Amino acid sequence: MNEQNRDRALLNRINAYSLEDEAYWSFRGRSKRQHCHGLLQYPAMMIPEMQGELIDAVLAEDRNVRRVLDPFVGSGTTLGEAMCRGLDFLGIDINPLAILACEVKSGPLYTAKLQEKADLVLDAAKKDSSAEIAVHFDGIDKWFTKSTQVELSAIYRAIKNEPSKWARKVFWLSLSSTVRTVCNSRSSTYKLHIKTEEKIKQTPSAIEEFEKKLNKNIENIVAQKEILDKNQVLKRATSVSDVVIKNADSAGKIRSSLKCDLLVSSPPYGDNQTTVTYGQFSYLPLMWIDLSDIENMTQAGLLAHKSAIDSMSLGGSKKGSNTKYQEIKERSRSLVSCVEKIKAVNPENIKKLISFIYDLDNAICNSLSFLRENAYMVWTLGNRRISDIEVPLDSIMRELLESRGCHFVHKLERDIPSKRMANRNQIAATMVKESILIMRK
Ligand SMILES: C[S@@+](CC[C@H](N)C(=O)[O-])C[C@H]1O[C@@H](n2cnc3c(N)ncnc32)[C@H](O)[C@@H]1O
């Protein structure tokens, strides 16, 4: 089959779902974050079932898919779905918390041993009577009450005493969710924002929360193992997939000789500071994790302050936005038209947009270099608003990809499930739809 016919077959296959049910891709009531997808609550996660079905549609038309790429891997939704299908994987993210989640997802899945070790770690944390605080960072007394610091320190020491790194990683991930629950920052926003005195007084016990989260994570890992086993992609408690996870800036220089056959990814909607602050969301949890246990942590300076990850993410720097615009504007008419509209309302606001698109374009360039010829790409995109003007990220992305020789295959639109974002995130309030852009290299 030639490439155009294959594109048409893929388009028909995807359209067939929506012919039966117009709202098919909204996945309303059909999506649950089960097994490995329940290990971490991360902002703006993709719908696993949807990405899984899109991967299946591509696999049905392209028999040569072996390795999947996600250059903005986040909590690893694409990774989990790739592993369920026995596919190899390359994932990249700037955020160390995302890397930890992906390392846990990729296994090994020694479930019986994990349960034994979890009992020991919980026992040690409960018996620890030391009042010594195990970690130190600016603002610790603002973000944690003294009694919470004491409990988190007991858990920290118990985890450090566990000899196996694979088990420590599961424990660190469970501790990271615990920290989000017991810190003095509000859970209704991803930005660090102090709770009321009243709410702080209601902070639950860190050890009790940790126990709950750890037990839930063990259940999720047991369920993941059962699925991999059922799908015959498990070999002695390890998935057959070769998984490579890199802590890197997708827009920067990345060394890898791996070639991928399919890209499935969702980049941020815009710069982190004004859209979703993944970095601030992760900052306090990362303060309570021994980062030397994260295998692939290579980016320096990420935890220098609470906004460091966000300012090192796509669009984090406004510097040189004029020059950047000159370099990129010929390649996207939609970008130019959007910049003109925003400029007429608030010229200052175009700098962040230009810097974000410029960085995104560099990330596209890198991603294409990891893909083999004719590989399909499934990009999940949200069109945010700046100065109340919609930024058509889907059209901009299509034009940038076409300017690099890629072919448009299809675009789907779907409603965004309401629970995907913290309810006080302003971006969530203005974005109700997202697009799935399917392109071919
Ligand atoms: C929409 S989220 C991805 C969520 C993921 N699909 C999931 O289901 O969990 C976007 C991700 O891009 C990452 N990111 C932002 N800028 C980046 C950069 N320059 N390089 C690599 N990752 C970056 C963020 O840390 C975040 O994890």
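Each ligand, and each atom within it, is numbered from 1 in the order the structure gives. All values reported here derive from a predicted model rather than from experimental measurement. Side-chain atoms are counted along with the backbone in the values below, which use heavy atoms only and exclude waters and symmetry mates.
In the vicinity of S266, heavy-atom distances shorter than 4.0 Å reach the ligand 1 atoms 1 (C), 2 (S), 3 (C), 4 (C), 6 (N), 10 (C). Shown in contact with P268 at under 4.0 Å from a heavy atom are these atoms of ligand 1, numbered in order with element: 10 (C), 12 (O), 15 (C). Residue A44 has at least one heavy-atom neighbour below 4.0 Å for each of these atoms of ligand 1: 1 (C), 4 (C). Remark: ligand 1 atoms within the under-4.0 Å shell around heavy atoms of T77 are 7 (C), 8 (O), 9 (O). Near A248, with a cut-off below 4.0 Å to any heavy atom, the atoms of ligand 1 are 20 (N), 21 (C).
Here S250 has heavy atoms under 4.0 Å from ligand 1 in both its backbone and its side chain. For S265, no heavy-atom contact with ligand 1 is shorter than 4.0 Å. Contact annotation for V73 and ligand 1: only backbone heavy atoms (N, CA, C, O) come within less than 4.0 Å of the ligand.
For the residue pair N349 / S387, a side-chain donor-acceptor distance below 3.5 Å is found, with atom types taken as modelled. Checked by atom type, the side-chain pair T277/D310 shows no donor-acceptor distance below 3.5 Å. N217 and S174 share a donor-acceptor pair across their side chains, judged by distance under 3.5 Å alone.
Between D249 and ligand 1, a contact under 3.5 Å exists for at least one N or O pair. For ligand 1, the polar-atom distance check finds an N/O of M46 within less than 3.5 Å of one of the ligand's N/O atoms. For ligand 1, none of its N or O atoms has an N or O atom of N95 under 3.5 Å away. For ligand 1, the polar-atom distance check finds an N/O of L314 within less than 3.5 Å of one of the ligand's N/O atoms. Some N or O of I94 is nearer than 3.5 Å to an N or O of ligand 1, by distance alone.
Taking the six-membered ring for Trp and the full ring otherwise, Y325 and Y358 have centroids separated by 6.0 Å or more. For Y283 and W143, the ring centers sit 6.0 Å or farther from each other.
We find the CG-CG distance between L314 and L360 to be 6.0 Å, quoted to the nearest 0.5 Å.
Geometric assessment of R398 against the ring of F408 yields a positive cation-pi assignment under the 6.0 Å and 45° thresholds.
Note on ring orientation: taking the six-membered ring where Trp is involved, the planes of W288 and F144 are perpendicular (angle over 60°, cut-offs 30° and 60°). By the 30° and 60° cut-offs, the orientation of the rings of Y110 relative to W166 is perpendicular.
Residue A98 places no heavy atom under 4.0 Å from ligand 1. Note on ligand 1: P48 sits outside its first shell, no heavy atom being nearer than 4.0 Å.
For atom 27 (O) of ligand 1, the candidate residues are Y278, F72, Y42; the nearest heavy-atom contact is made by Y42.
Atom NZ of K165 is surrounded by more than 12 heavy atoms from other residues, nucleotides or ligands within 6.0 Å.
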